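Remember, it's a predicted structure, so these values are computed and weren't measured experimentally.
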Amino acid sequence: MRFWLLKSEPEVFGYPDLERAGREPWNGVRNYQARNFLREMAAGDLCLFYHSGAKPPGVAGVARVVRAAYPDNLQFDPQSPYLDPKATPEAPRWSMVDVAPVQALARLVTLDDLRGLPAWADSPLLARGSRLSVLPVSPGQFEAALQAAGTALAHLPGPPPRWPFDGLSQGAVQLGVYSQLV
DNA sequence: GCCAACGTTGGC
DNA sequence: GCCAACGTTGGC
């Protein structure tokens, strides 16, 4: 299992919107590096749902990938600002995954909070001028973000976790940071 | 293939 | 609202 961070402007689509929707295609990504990360995602991967352009910006919740990458519908939609005239159904250019809500964080983990976490020091998210909207997160970064929020993932299905597991620390396993993919 | 111009992102 | 950083476009 891998971990990711997805950016979204909460005024457009925030974590509460994902909870209401129950499931959402993560479409409209039009950056090749971000697209390539989408294509690396597997069902079951967990994502930090990051609110960008917010006051303050930060991680608001955890989402799960429920469908691996497939062609982004909006690239073919003449009514969409995400239309790509060079894309065809035979040769799609852009991809999306489906995500579902897992749990809201007990409190927002702000950008400033992340800057204070040693595990996050080398994240592209914190790099000056970084605009990447989909980026990988290490198990240690994921765990540190959850701990900063004081959130335990209580509702993940699956068998009891075994230690060591998925690169997470024993503390994270006790918090319930695991997936059904054993 | 270079690079200036432009549009967008996103924190502040 | 500002502006730095970045990606893309398009002329040459």
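- Looking at Asn36(A), its side chain does come within 3.5 Å of a backbone N or O of Tyr32(A) through a donor-acceptor pair.
- For residues 115-134 of chain A, proximity to DNA chain C is found at Arg128(A), Gly129(A), Arg131(A), defined as any non-hydrogen atom under 4.0 angstrom from a strand atom.
- When ring centroids are compared, Trp26(A) and Phe49(A) come within the 6.0 Å threshold.
- Ionic pairing of Asp98(A) and Arg64(A) is not present here: no N-O contact between side-chain nitrogen and carboxylate oxygen is shorter than 4.0 angstrom.
- Taking the ring axis of Phe37(A) as reference, the NZ or CZ atom of Arg35(A) does not stay both within 45° of it and closer than 6.0 Å to the ring centre.
- With Glu19(A) contributing its side chain and Pro101(A) its backbone, the two residues share no donor-acceptor pair below 3.5 Å.
- Using modelled atom types, one finds a donor on one side chain and an acceptor on the other under 3.5 Å when comparing Asp84(A) with Trp94(A).
- Interface limits on DNA chain B: the 5'-most and 3'-most nucleotides within less than 4.0 Å of chain A heavy atoms are dG7(B) to dC12(B).
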Are Arg30(A) and Asp72(A) close enough, and set up right, to give a salt bridge (charged side-chain N to carboxylate O under 4.0 Å, His left out), and what steps lead you there? CA-CA 10 Å; Arg30(A) 293 294 179 270; Asp72(A) 180 326; 2.9 Å; yes
